[in-house]
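Below is one structure; the comments refer to it alone.
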There are 2 protein chains.
Amino acid sequence: MAQELNERSQNILEAIVEDYISSAEPVGSRAITKRHSFNLSPASVRNVMADLEEMGFLCSPHTSAGRVPTEKGFHYYIDSLLQVRDLSKEEESRLRKNYRFKGMKMEDIMQEVGRVMSGLSNYTGLVMAPKFSSTVFRQIEFVRLSHSRLLVIYVSETGLVQNKVIEGAPELSQHDLEQISNYLNRELNGMSIAEVREKIVQDLRDERSRYDQMRKQALSLSSAALQDEAENLVFVSGTSLMLNQPEFYAPERLKRIIQTLESKKTLIELLDRGQAADGVQIFIGSQSQHAEIEGCSLVTSNFSNKKGAIGTLGVIGPVRMAYSKVIPIVDFTAQLVSRILEREVE
Amino acid sequence: MAQELNERSQNILEAIVEDYISSAEPVGSRAITKRHSFNLSPASVRNVMADLEEMGFLCSPHTSAGRVPTEKGFHYYIDSLLQVRDLSKEEESRLRKNYRFKGMKMEDIMQEVGRVMSGLSNYTGLVMAPKFSSTVFRQIEFVRLSHSRLLVIYVSETGLVQNKVIEGAPELSQHDLEQISNYLNRELNGMSIAEVREKIVQDLRDERSRYDQMRKQALSLSSAALQDEAENLVFVSGTSLMLNQPEFYAPERLKRIIQTLESKKTLIELLDRGQAADGVQIFIGSQSQHAEIEGCSLVTSNFSNKKGAIGTLGVIGPVRMAYSKVIPIVDFTAQLVSRILEREVE
DNA sequence: TGTTAGCACTCAGTCAAGCCGAGTGCTAAC
DNA sequence: GTTAGCACTCGGCTTGACTGAGTGCTAACA
């Protein structure tokens with residue numbers, strides 16, 4: 001896979017990819033020699049381009065139309081040619097100025113992060129909040145809504161609030177509920193939801209719970225409340241920016257993409273895959289293995305706190321994405337959000 | 001405005017509007033005589049069409065292109081020609097089958113309502129939850145997130161959960177907070193948020209609060225918590241369905257529309273206007289007075305419970321909307337949601 | 001007097017032909 | 001190894017002819 005290219009070929013491939021990124025049009029040999037000063041004639045560039053095409057880095061949509069980088073070409077560009085420099089202090093602080101989180105609850109922060117990332121990059125922003133089960137339990141409250149309906153509210157350590165309605169349990173009074181929540185708040189303090197789930201299963205098997213009525217009720221309530229809880233919260237910002245991309249200007253395609261952004265199911269799968277590894281991840285085109293976002297690339301990074309709550313954020317756009325601009329933005333934002341989760345920044 | 005039309009003109013106008021709704025193409029005289037059996041020749045229809053055009057109900061995009069209803073034409077159609085029959089029992093129950101709300105929390109119900117409405121109508125669904133200030137207070141809880149940050153959670157009587165982070169108040173212990181929430185839960189029970197706000201202002205002026213420390217703290221905390229709280233929750237479903245409409249297939253237009261659906265600000269204004277009156281409201285095209293959704297119509301209806309919490313839901317699509325199908329859907333859904341708010345249906 | 005057949009006219013859309021220009025590959029000279 | 005030159009390709013644009021859907025007008029008809 002990691003074919004060797006001599007320096008000239010590398011330079012020309014890089015030039016083609018960058019010109020294509022900014023123009024969305026096939027790049028011709030003359031255009032290259034004009035925009036970049038290689039001291040080479042178009043004819044020589046053509047020779048190199050022919051080689052690159054043979055190696056599979058480029059392809060031409062038709063005989064007389066210049067070349068377009070293939071996915072392989074983009075891969076090579078990203079892996080070997082693209083130099084992402086870290087942001088300078090000034091750039092960082094300029095970026096940081098876009099973010100205002102003071103006094104925001106968790107969902108709003110996630111929303112806002114997506115919005116800003118999208119605004120800075122000019123592509124669609126995605127944020128997946130930490131899986132609920134990976135967050136650390138902070139507090140649970142019960143509110144009786146009606147005779148048979150009970151609202152359960154959990155708060156995670158990071159301030160993420162989840163709530164759920166459960167049916168049944170009409171016999172418990174507000175007083176009982178308070179006792180139960182006090183008990184649970186004491187018992188479960190500092191555990192992750194995943195651990196809480198485990199503990200509940202164990203405790204329910206435990207001998208003691210057969211005799212301690214309150215304990216038993218508490219466990220079965222929280223068990224019901226934790227069942228099939230929506231695991232993922234995904235925030236999408238800047239859907240309309242997809243319309244800036246000329247390559248998406250086909251009715252059916254656009255519809256599929258917008259549907260995908262709307263339904264969030266595919267997005268969760270995509271972001272989950274990004275979560276497998278650390279640092280900035282890049283999925284180019286077909287790598288994503290989702291036909292509905294064919295022609296899209298995804299740049300993601302994880303954010304987390306020390307307690308193991310992991311979320312993922314990123315940017316989705318055309319394969320022809322301005323990676324050199326997007327990567328530092330995603331990288332920086334992920335770090336920033338991690339610090340927010342740790343409450344080092346407010 | 002309410003011009004008189006003889007029966008023949010009415011029939012022809014109705015036929016044109018309906019043909020145009022289903023085809024999105026200008027309607028010609030021959031097409032009319034073919035699809036509907038008026039026992040009239042195309043030539044006679046043309047005479048009538050010319051009159052209708054002169055009166056402003058129709059217009060022709062160009063000399064040889066059939067006629068398209070104007071907004072005025074649509075108005076007349078809706079006001080005088082369209083007969084919306086109520087749903088039959090069977091239809092109702094068929095519609096009802098699409099909805100499953102059991103065990104859902106309020107936000108999810110709102111989401112789901114939008115989704116189903118959109119799916120049934122094939123247009124984009126909008127739901128605006130009752131203004132927070134119009135909901136009835138049920139319970140308030142405080143959770144300390146960090147030294148200086150406090151999470152406030154309110155639950156409304158309908159089970160709507162709102163939360164907010166407030167800064168400051170580091171001196172209050174968890175015990176203090178419990179006392180305060182107990183106090184507030186007792187004092188504010190059954191009041192609407194608007195009333196709560198009023199009460200807080202009055203009470204803070206009240207002599208007693210100067211001497212009662214806890215009372216004072218409680219009041220100032222809840223005052224901070226209620227300040228500039230996001231009033232409106234809007235749910236949009238089926239954005240991608242906008243792409244089904246051929247008339248929106250222009251880059252800039254589509255972008256504006258999707259942006260509008262995304263930012264929600266304009267939507268709130270629109271839905272607020274719908275809230276002014278009871279029953280199904282219809283805003284046709286320029287009536288909405290928002291250039292960014294030029295060419296769109298909006299069908300809305302309010303839902304509410306007896307305690308005065310009012311929300312609005314509806315459907316947005318092209319002016320050329322299948323009103324006869326949409327209106328009963330919106331109407332029925334609004335009634336259904338009202339009943340859910342009253343907890344007559346679960 | 002209202003209805004309709006007939007006719008001339010208009011105009012968007014389609015299709016083919018032709019031109020243009022951007023781009024290529026090959027070859028021969030430097 | 002580089003490059004100038006040249007023949008060739010092919011998509012995109014323009015042009016013009018044609019088609020068909022539709023109109024308005026007029027004159028004849030019931």
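Lettering of chains follows the sequences in order, A, B, ..., and the numbering in each one begins at 1.
- Using a 4.0 Å cut-off between charged nitrogen and carboxylate oxygen, E18(B) and R35(B) do not count as a salt-bridge pair.
- For K265(B) and E269(B), the salt-bridge test passes: some basic side-chain N is under 4.0 Å from an acidic carboxylate O.
- Near DNA chain D, meaning a heavy atom under 4.0 Å away, the residues from residues 32-52 of chain B are R46(B), M49(B).
- From R30(B), atom CZ reaches atom CD1 of I32(B) across 12.5 Å, with rounding to the nearest 0.5 Å.
- Scanning residues 8-29 of chain A for heavy-atom distances under 4.0 Å to DNA chain C yields G28(A), S29(A).
- Under the salt bridge (Lys or Arg N to Asp or Glu O under 4.0 Å) criterion, R115(A) pairs with E112(A), not counting sequence neighbours.
- Listed by chain and number, the residues in a side chain to side chain contact (heavy atoms under 4.5 Å, CB included) with T260(A) are T266(A), E292(A), I293(A) (sequence neighbours excluded).
- The shortest heavy-atom contact between R253(B) and G295(B) is NH2-CA, 3.5 Å.
- The footprint of chain A on DNA chain C, defined by a heavy-atom cutoff below 4.0 Å, extends from dA22(C) to dG25(C).
- Applying the side chain to side chain contact (heavy atoms under 4.5 Å, CB included) criterion to N6(B), with sequence neighbours excluded, gives R8(B), S9(B).
- Scored by the ring pair (Phe, Tyr, Trp, His ring centres under 6.0 Å) test, H290(A) finds no partners at all (sequence neighbours excluded).
- Every stem involving DNA chain C, taken as at least 3 paired positions in a row under the Watson-Crick or G-U wobble test at 3.5 Å, is listed here: C:1-30 with D:1-30.
- At a cut-off of 3.5 Å, with distance as the only test, no side-chain donor of T300(A) or Q281(A) sits close to an acceptor on the other residue.
- Of all heavy-atom pairs spanning S324(A) and L82(A), the tightest one is CB-CD1, 3.5 Å.
- The closest side-chain heavy-atom distance from D272(B) to M128(B) is below 4.5 Å.
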Show every donor-acceptor pair shorter than 3.5 Å between a side-chain atom in residues 242-252 of chain A and any protein atom, with sequence neighbours excluded, or say none if there are none.
| from | atom 1 | to | atom 2 | distance (Å) |
| --- | --- | --- | --- | --- |
| N244(A) | OD1 | K255(B) | NZ | 2.6 |
| Q245(A) | OE1 | R320(A) | NH2 | 2.8 |
| E247(A) | OE1 | R320(A) | NE | 3.4 |
| E247(A) | OE1 | R320(A) | NH2 | 3.1 |
| E247(A) | OE2 | R320(A) | NE | 2.7 |

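- Residues passing the side chain to side chain contact (heavy atoms under 4.5 Å, CB included) test with D331(A), sequence neighbours excluded: V280(A), Q335(A).
- No hydrogens or angles considered: a donor-acceptor pair under 3.5 Å links the side chains of H36(A) and D19(A).
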Taking only distance into account, with no hydrogens and no angle test, what donor-acceptor pairs under 3.5 Å do side-chain atoms of residues 52-61 of chain B form with protein atoms, sequence neighbours excluded?
| from | atom 1 | to | atom 2 | distance (Å) |
| --- | --- | --- | --- | --- |
| E53(B) | OE1 | R67(B) | NE | 2.7 |
| E53(B) | OE1 | R67(B) | NH2 | 2.8 |
| E53(B) | OE2 | S60(B) | OG | 3.2 |

Nucleic acid footprint by protein, nucleotides 15-20 of chain D - heavy-atom cut-off 4.0 Å, B for base, S for sugar-phosphate alone: ------
